[in-house]
Protein chains: 2
Amino acid sequence: MISCTGLFFNFDFFLSMFEIFRKYLEEKVAISDSDYAFIKSVSVIKRLRKHQLLLNADDRWSSHAFVCEGLLRKFSIDEKGSEHTVYFAFENWWVGDRESLMNNLPSKYYIEAIEDSVVLLIHDENFQEIFRKVPQIKDLVNTILQRSLNAAHERINATFKSTAEEKYKHFLKSSPNLANRVPLHMLASYLGITPETLSRIRKQIAKTK
Amino acid sequence: MISCTGLFFNFDFFLSMFEIFRKYLEEKVAISDSDYAFIKSVSVIKRLRKHQLLLNADDRWSSHAFVCEGLLRKFSIDEKGSEHTVYFAFENWWVGDRESLMNNLPSKYYIEAIEDSVVLLIHDENFQEIFRKVPQIKDLVNTILQRSLNAAHERINATFKSTAEEKYKHFLKSSPNLANRVPLHMLASYLGITPETLSRIRKQIAKTK
DNA sequence: TTACTGACTTGATATTTATCAATTTTCTTT
DNA sequence: AAAGAAAATTGATAAATATCAAGTCAGTAA
């Protein structure tokens, strides 16, 4: 049940990571102790070193992953070799590839740790079992999906009506905490501009102040 | 219960539109006759003429809308007066503004009929009641949300790695049926390019063939 | 520390796409 | 069918951003 592919590991570590997840759940759903026991029994903690991949393109994704610590990103690589970041995921967010999971298809995406990170994995079969035991979790998932969808639409909307500079400023405003944690070239690939352009924009903004 | 703000209306019309919705549901969820009766009792059919708005910016959205017939689009207007289409919705799709609904905020978006259309509206309070009576519908909603989210991420991904021409070709491939139903300037506002550019691209492609 | 690698910056130039303006075409309404 | 309005096309030009090429800086590993 308990497993870890990281470098070192002990039971206390597992417990403290699970505790983060439990706290997250407790804020949103009432779950009995026995159900928590079940959730714990199917949870797998995985450490990731910076640069390590949680998902490789062409692999199948079959779990649900909750970020306990650290920062990851999901991205694809196009024919020309350029990276495109779909989103960043930090503490208390979920990552994965639902497209691969739902359709049982090889993934088009990579998921990579930007910092040393810890994720909690639950295999989809077990996740469905949790749904059966604790149906209120469906409402939680529903809410998360709705918010994610709103955010995605908002991003599409904001992207199209903005210049590169506006996009960057919008990012700074909406995710000030991320701006310092994400390397410039990844941020550029998230905003859909080149690193050079982003570098110049930064300089430009610094000068104005 | 039964209502219509369109031009003309009769009971048979209501029934035939509800039948479309029922067929849609039957394919995905098992629902008892009495539950169908309840759903029917809270469903409102609304006709929309071409150009008519289902939602106006600054209004609050409080329903769930299923498209029985026709084609609509959701869009915003920026400070410069340019339109940005977030998505198109045709037969058997849902439209609305979950952001406004969830947070009880005035909407930033317009929803407009591109063709004469018919939508089936269920007020959110009644929708929650349906959730209570027919919890399996939650799974349906969940699936829809997941697919929409995948599509949105896919779109973000495709947009950033493509030129205007590639975006247009990608649209033609993924939504060949829509290409003929959507006016050029709306398609341009969906792809995030100007109508002039799209017009030139079309010409370019026509010439090559 | 030193060397190495990857990230970031900077400059020169090329390309794409937007903007503005005029014209033609198509659709609506009477 | 005619008039008016909206949409689409076309051309000329401008602006934004990408690309290519060096060079600098920073962090990592030996």
Side-chain angles (χ1 to χ4, degrees), chain A residues 7 49-53 71 73 75 77-85 110 112-116 158-171 178-208, chain B residues 7 48-53 71 73 75 77-85 110 112-116 158-172 178-208:
Chain A
L7 291 184
R49 304 291 301 268
K50 189 174 176 173
H51 297 137
Q52 197 182 335
L53 291 178
L71 175 61
R73 68 167 179 147
F75 68 100
I77 299 183
D78 68 22
E79 322 75 45
K80 294 166 205 146
S82 315
E83 297 181 357
H84 301 274
T85 299
Y110 301 80
E112 175 198 33
I114 297 178
E115 305 171 354
D116 290 350
T159 295
F160 283 158
K161 63 179 158 206
S162 308
T163 62
E165 180 171 344
E166 287 166 341
K167 284 191 261 185
Y168 176 61
K169 283 183 172 167
H170 182 263
F171 179 83
L178 272 186
N180 324 307
R181 294 171 70 179
V182 173
L184 175 138
H185 70 280
M186 290 182 189
L187 180 49
S189 87
Y190 175 79
L191 298 175
I193 57 182
T194 58
E196 291 96 330
T197 297
L198 181 52
S199 177
R200 282 184 249 265
I201 286 169
R202 268 187 176 176
K203 193 184 168 189
Q204 177 65 29
I205 291 176
K207 209 166 31 179
T208 321
Chain B
L7 292 184
L48 292 161
R49 304 291 302 266
K50 190 174 176 171
H51 297 137
Q52 197 181 335
L53 290 179
L71 176 61
R73 67 166 178 147
F75 68 100
I77 299 183
D78 67 22
E79 322 75 46
K80 293 166 205 147
S82 315
E83 296 180 357
H84 301 273
T85 299
Y110 301 80
E112 175 200 32
I114 297 179
E115 305 169 354
D116 291 351
T159 295
F160 283 159
K161 64 177 158 209
S162 308
T163 63
E165 181 173 344
E166 286 166 341
K167 285 191 260 186
Y168 176 61
K169 284 184 172 167
H170 181 262
F171 179 83
L172 286 184
L178 273 186
N180 324 307
R181 294 171 71 179
V182 173
L184 175 137
H185 70 281
M186 290 183 190
L187 180 49
S189 86
Y190 175 80
L191 298 175
I193 57 182
T194 58
E196 292 96 330
T197 297
L198 182 52
S199 176
R200 282 182 249 264
I201 286 170
R202 268 189 176 173
K203 194 184 169 192
Q204 177 66 27
I205 291 177
K207 206 166 32 174
T208 321

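Considering only residues two or more places apart in sequence or on other chains, Ser189(A) meets the side-chain hydrogen bond (donor to acceptor under 3.5 Å, both in side chains) condition with Thr85(A). Shown here are the ring pair (Phe, Tyr, Trp, His ring centres under 6.0 Å) partners of Phe171(A), two or more places apart in sequence or in another chain: Tyr190(A). Annotation: ring pair (Phe, Tyr, Trp, His ring centres under 6.0 Å) contacts of Phe75(A) (sequence neighbours excluded): Tyr110(A). Partners of Glu166(A) by side chain to side chain contact (heavy atoms under 4.5 Å, CB included), not counting sequence neighbours, listed by chain and number: Ser162(A), Thr163(A). Residues satisfying the side-chain hydrogen bond (donor to acceptor under 3.5 Å, both in side chains) criterion with His84(A), sequence neighbours excluded, are Asp78(A). Phe160(B) pairs by the ring pair (Phe, Tyr, Trp, His ring centres under 6.0 Å) definition with nothing, not counting sequence neighbours. Legend: residues meeting side-chain hydrogen bond (donor to acceptor under 3.5 Å, both in side chains) with Thr194(B), ordered by chain and number and at least two apart, are Thr197(B).
Look at His185(A) and you'll find a side-chain N or O under 4.0 angstrom from OP1 or OP2 of dC8(C). For the OP1/OP2 pair of dG11(C) and a distance below 4.0 Å, the side-chain nitrogens and oxygens of Lys203(A) include at least one atom meeting the criterion.
The list of salt bridge (Lys or Arg N to Asp or Glu O under 4.0 Å) pairs with a residue in residues 181-197 of chain A, not counting sequence neighbours, reads Glu91(A)-Arg181(A), Glu115(A)-Arg181(A).
Between the axis at the start and the axis at the end of the helix from dT1(C)-dA30(D) to dT30(C)-dA1(D) there is an angle of 60°, using five pairs per end and rounding to 10 degrees.
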TODO: Before giving the answer on side-chain contact (heavy atoms from CB on, under 4.5 Å), spell out for Leu178(B) and Leu187(B) the whole-Å C-alpha distance, their side-chain angles and the decisive distance to 0.1 Å.
DONE: CA-CA 9 Å; Leu178(B) 273 186; Leu187(B) 180 49; over 6 Å; no
Open item on the list: The test is side-chain contact (heavy atoms from CB on, under 4.5 Å); show your working for Ile205(A) and Glu165(A) and say whether it passes.
Closed with: CA-CA 9 Å; Ile205(A) 291 176; Glu165(A) 180 171 344; 4.2 Å; yes
Task: From CA spacing to verdict: side-chain contact (heavy atoms from CB on, under 4.5 Å), Glu112(B), Glu83(B) - done: CA-CA 12 Å; Glu112(B) 175 200 32; Glu83(B) 296 180 357; 5.8 Å; no
TODO: Mind running side-chain contact (heavy atoms from CB on, under 4.5 Å) on Arg202(A) and Leu184(A) for me, showing each step along the way?
DONE: CA-CA 10 Å; Arg202(A) 268 187 176 176; Leu184(A) 175 138; 3.2 Å; yes
Contact list (N/O, under 3.5 angstrom) for nucleotides 24-30 of chain C vs protein:
from    : atom 1 : to       : atom 2 : distance (Å)
dT28(C) : OP1    : Lys50(B) : NZ     : 2.7

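Annotation: proximity of residues 187-202 of chain B to DNA chain D (heavy atom, distance under 4.0 Å) is found for Glu196(B), Ser199(B), Arg200(B), Arg202(B), numbered in ascending order.
The two residues Lys167(B) and Ile193(B) come nearest to each other via the heavy atoms NZ-CG2, 4.2 Å.
Here the range on DNA chain D touched by chain B, meaning any atom under 4.0 Å from one of its heavy atoms, is dA7(D) to dA12(D).
Between Lys80(A) atom NZ and dT16(C) atom C1' there is a gap of 12 Å when expressed in whole angstrom units. One interatomic measurement links the two molecules: CD1 of Ile114(A) to P of dA7(C), which rounds to 12 Å at whole-angstrom precision.
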